[in-house]
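Below: the structure, in structure tokens.
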Amino acid sequence: MTTQRLDAQKLRADFAVFEELTNGRPVAYLDSASSTQKPRQVLDAMREFYEHSYANVHRGVYTLAERATAGYEGAREKVRAYINAPSNREVIFTRGATEALNLIAYSWGLENLGPGDVVVITELEHHANFVPWQFIAKKTGAQFAHIPIDDYGELQLDALDEIATRGNVKVVANNLVSNTLGTINPVEKLAVWAHEQGAIMVVDAAQAAPHRHIDVQALGCDFLAFSSHKVCGPSGVGALWGRRELLEEMQPFNLGGEMIRSVALDRTSWNELPYKFEAGTPAIAEAYGFGVALDYVSEIGLDAIEAHEHELVVTAMDRLGEIPGLRIFGPPAERRTGIVSFELEGVHPHDVAQILNWEGVAVRAGHHCTQPLMTRLGVAATTRASFYLYTIEEDIDRLIDGLLKVKETFA
Amino acid sequence: MTTQRLDAQKLRADFAVFEELTNGRPVAYLDSASSTQKPRQVLDAMREFYEHSYANVHRGVYTLAERATAGYEGAREKVRAYINAPSNREVIFTRGATEALNLIAYSWGLENLGPGDVVVITELEHHANFVPWQFIAKKTGAQFAHIPIDDYGELQLDALDEIATRGNVKVVANNLVSNTLGTINPVEKLAVWAHEQGAIMVVDAAQAAPHRHIDVQALGCDFLAFSSHKVCGPSGVGALWGRRELLEEMQPFNLGGEMIRSVALDRTSWNELPYKFEAGTPAIAEAYGFGVALDYVSEIGLDAIEAHEHELVVTAMDRLGEIPGLRIFGPPAERRTGIVSFELEGVHPHDVAQILNWEGVAVRAGHHCTQPLMTRLGVAATTRASFYLYTIEEDIDRLIDGLLKVKETFA
Amino acid sequence: MSELEQMYREVILDHYKSPRGHGLHEHPDAQAEGQNPLCGDEVTITVKFGEDGETIDSIGFDGRGCAISQAATSMLTELVKGRKAADVAALPKEELLEEIGIPLTPIRLKCAILGLGVLKVALHKAKGTPLPPEWQNLGDDLHFD
Amino acid sequence: MSELEQMYREVILDHYKSPRGHGLHEHPDAQAEGQNPLCGDEVTITVKFGEDGETIDSIGFDGRGCAISQAATSMLTELVKGRKAADVAALPKEELLEEIGIPLTPIRLKCAILGLGVLKVALHKAKGTPLPPEWQNLGDDLHFD
Ligand SMILES: Cc1ncc(COP(=O)(O)O)c(C=O)c1O
Ligand SMILES: Cc1ncc(COP(=O)(O)O)c(C=O)c1O
């Protein structure tokens, strides 16, 4: 593990978006937690693939189909390696983290949950790891319980004992990193507890996988989901990893071509893993591009990315903390990734973001698809700045200057 | 409606794949029914979008997010116009036709079907419009009935009366064009019959929309699905159109971000159409590229495309018919699109395709995700050649020459 | 300070900081509430009609959210007072947007017209005035149980 | 005719047209069937062991499908006759592929090793020999009811 430093200024040359100047300056793109920009390496590779290796996968015996299949299956192997999964048969391509989590909720949940069972999520889940479980719990009669957070946005694990008394805990679902607060959650501990209860552990790594080493075996989880578009890859694709024994037992989710072994008017049998869960023509070139994106960030190095973002978040928190009337949510910098959510007294986050945009600073304002967390924090929305490998200190300077303008405007 | 002719030779300049020569010749790509090649116009536009208009959609108030949202929603309007839907709120982006059909089967089917109800599909459905209904029928206790075909692969509508006696017909699902035989099915008639029964009419237009004018209002259907990758667009995206009243009443399918109005620990309410059905980050740039692809084929003209493919299929059927031991499946050229499935006596389709590939001819061999149809035809697989706007007569010459080689090899 | 910022300050912030028509009626003739799921803006509107039972005599609102949504609702109350329910039901959103004056992107547009939508729903519920589809889901609860 | 076509003709077509070991035993000691969902190739294999109950004394197959799948199964019967069940269970697919001799793409590879997979399943069921995961689903019916 080499912890070479990362040269963000140099890496920015890979991203065409920074070539566009408004009033002489590129965008200060501080919304990478929502989605990341794409490097040339990924776009070039996808173009090349579309031009010289494109056909439908799996089905053809001709050269283009072979190339397409090799590209698509090669990407599966890259995802496997990226998260250290035992086998690439356990890697399923989905549209993104959301679909991956729905797949688990439907395919595993509908069959295995019932009255007397308990589904446990947390107060800081993204809606993608909250609503599907809430829905399936209602549908099956299972209870829906949540782990509360403390004032730093950290999970209160002492609530677990009480939760265990409510019934048979069957599912524990948690994000490894909170997209609103950046909190790094104790997923390993939860996995141990989940397994003690006889439950499965579902990890939403949408916000973690782009920024930190992921090892599904070390995490000890049963399922893990993440999206390509948050890790420099194209939109429209993501991955689900699941433990083979569980995937084997599960019903498929989407049905159609490719996931079928044989179909007759009266009976149908499923294809083997992972195809059983990949109905229809997949996002072929996008999966390929996802693989190239994983190569791109791996080559830069996840340790270097983590260190770079940590530096930025320390700076950002220090400087934001100096602005009167500004309140930062969540834990100290040591226990979070490169995400800072805050409120500016008396100014709605949408107004903050609008005025920042006039200064070329792109931040996100809203509930960040974490409404239960907003309720807990007692706000309707926050303003969020989030960093990635191409973020530079100047972006933070511009954020701070912009916020001072906002204050001035609303004074 | 201008029926200008189409100059395939000229259009081929838009497709980089034909620049690659093997033994001095480009690929004779005869597998467009499986997936189509992509023109520069689409790839250029997507690249530009990824480089200068990319961010997550809907959520941001900054410039890049506005551009991304405008591009994404603009594509929705293009899809609406392409199929003449009444409103773009009725257009839902999915991964493709398969996911669109699953969405209907799950969201509409799970709530509205039960014992005593009948789901009607046809013997020539693609698995994508067969297996989801078979699955949901089993889950809900509904009957699963099929409309048989005659020896030309055309639907035997006189079976409808008997089917109506089996229970309450609630769903009729049919492809407008068969992907294996090219048969153009009488969807308008089926829609009338379906509505007489109080059933919904679901149209799988995956194989029709790239090749013929589609007008959902003229078809009189309730749902219609198709995929981008079969109409010169990127993989990973497709569209579902549904009648507003039905979509409004339906439960969502995938759950998560963006499809939510509000989420609390105890209750959740859905966003308005179409967002209610688009959970999570969608295939943003791919939806945009899909729209550009629809522009591309619309500019060439669907009438011109249809006429071009018709000429090709007439030629192909004439010439294939001269090869001894070759049997063509399906209807005469007048009642089909640019698709020809056949068998060559004594040679398995995989061997046909493999030897053709050595000659640079790309055809598909297999069951084409229509196993019930294969059973009806009494074969395990067929060889299929399919055409699109870039197909030239020379491709057919090479197919014929290749087949003669196959015969020679297996003689 | 850019021209936009200037306008923002003068037009929007004035209404935002001193909203007209703020506060709800205790016994309203018409009432509705709605929210913008994108940003959590919320608006409740109450109306009292005049003796003809048609003319908006008094209109009040309560809400929370961004300056645009709250200022636009404040402007709206000035715009519709004294008008007939049927006229307000047919009021094009462009009329309100003209009042607001600053260019709005599609996303912020939703904030700006939230109050108008809520008012149309209130009138629809009380008077049966037509409600174009784009407003029909405002304030509905589309539950899954 | 290219070199590939030449080889195809000589090696594959010879076995395809005159398969060795064709036909099933009526009372086999081991039996299994499998199919390749991609192309519909099907193979059934039956085995009779010698007196030691371990050595493959006789092996027969029936199937339909492409030349590669059927020819490869024919070659397989020649390859394994007289070998012990445990050895065949451990037989690397490369050994069979070498027999076949022509380069195969991943997709056609599945055709080529279908028979080998079916044989491994048959031995696993009869003798409990180890079955690597990649073969485990062959012939299973993963139904939804
Ligand atoms: C923590 C977390 N989970 C899930 C998601 C959903 O990911 P996607 O929208 O790519 O499906 C996101 C991103 O929005 C996220 O930040
Ligand atoms: C008639 C028909 N229906 C459905 C599909 C499924 O489309 P997709 O694989 O793009 O989801 C196809 C294409 O394979 C098709 O030809």
Side-chain angles (χ1 to χ4, degrees), chain A residues 22-23 31 34 105 127 130-142 144 180 343-344 346-360 362-375 377-384 401-402 404-411, chain C residues 1-19 22 33-44 61-75 97 100-115 139 141-145:
Chain A
T22 311
N23 299 328
D31 196 22
S34 185
H127 294 167
F130 185 105
V131 188
W133 293 114
Q134 191 183 33
F135 182 80
I136 296 295
K138 281 245 167 89
K139 258 216 170 359
T140 57
F144 185 63
T180 301
E343 85 174 332
L344 196 57
V347 191
H348 189 281
H350 264 103
D351 299 313
V352 174
Q354 169 121 30
I355 293 173
L356 286 178
N357 184 50
W358 290 333
E359 304 296 324
V363 295
R364 187 161 165 218
H367 52 59
H368 318 295
C369 298
T370 53
Q371 284 191 356
L373 173 60
M374 294 293 112
T375 306
L377 299 175
V379 293
T382 73
T383 305
R384 181 187 70 184
D401 291 350
L404 295 175
K405 280 237 169 101
V406 173
K407 278 182 73 78
E408 196 187 307
T409 306
F410 273 77
Chain C
M1 194 176 292
S2 76
E3 202 186 329
L4 275 175
E5 279 161 329
Q6 192 70 36
M7 273 173 67
Y8 200 79
R9 190 178 236 180
E10 287 173 8
V11 186
I12 306 295
L13 290 186
D14 171 47
H15 273 271
Y16 179 55
K17 290 183 182 164
S18 349
H22 202 262
E33 54 182 85
Q35 53 169 276
N36 179 347
L38 289 176
C39 55
D41 290 346
E42 288 171 5
V43 165
T44 304
F61 85 97
D62 191 18
R64 57 174 193 165
C66 64
I68 300 264
S69 70
Q70 304 304 308
T73 306
S74 164
M75 291 174 190
L97 296 179
I100 299 173
I102 65 166
L104 289 172
T105 62
I107 290 150
R108 304 243 51 207
L109 197 86
K110 293 210 172 183
C111 303
I113 60 176
L114 175 63
D141 267 348
L142 304 159
H143 284 287
F144 52 68
D145 51 6

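In this text, all values refer to a predicted model and were calculated from it rather than measured experimentally. Numbered from 1 within each chain, the chains take letters A, B, ... in sequence-line order.
- Of the inter-residue distances, the one linking C:S69 atom OG with A:H350 atom NE2 reads 9.5 Å to the nearest 0.5 angstrom.
- Minimum heavy-atom separation, A:F410 to C:A67: CZ-CB, 4.1 Å.
- Taking CD1 from C:I102 and CD from A:Q354, the interatomic distance works out to 5.5 Å, rounded to the nearest 0.5 Å.
- Contacts between C:L13 and chain A at a heavy-atom distance below 4.5 Å involve the side chain alone, from C-beta outward.
- If you tally non-hydrogen atom pairs under 4.5 Å between each of C:E42, C:Q70, C:R64 and chain A, the highest count goes to C:R64.
- Qualifying salt bridge (charged side-chain N to carboxylate O under 4.0 Å, His left out) partners for A:K139, counting only residues two or more places apart in sequence or in other chains: B:E111.
- Closest of all the heavy-atom pairs between C:K17 and A:A411 is NZ-O, 3.1 Å.
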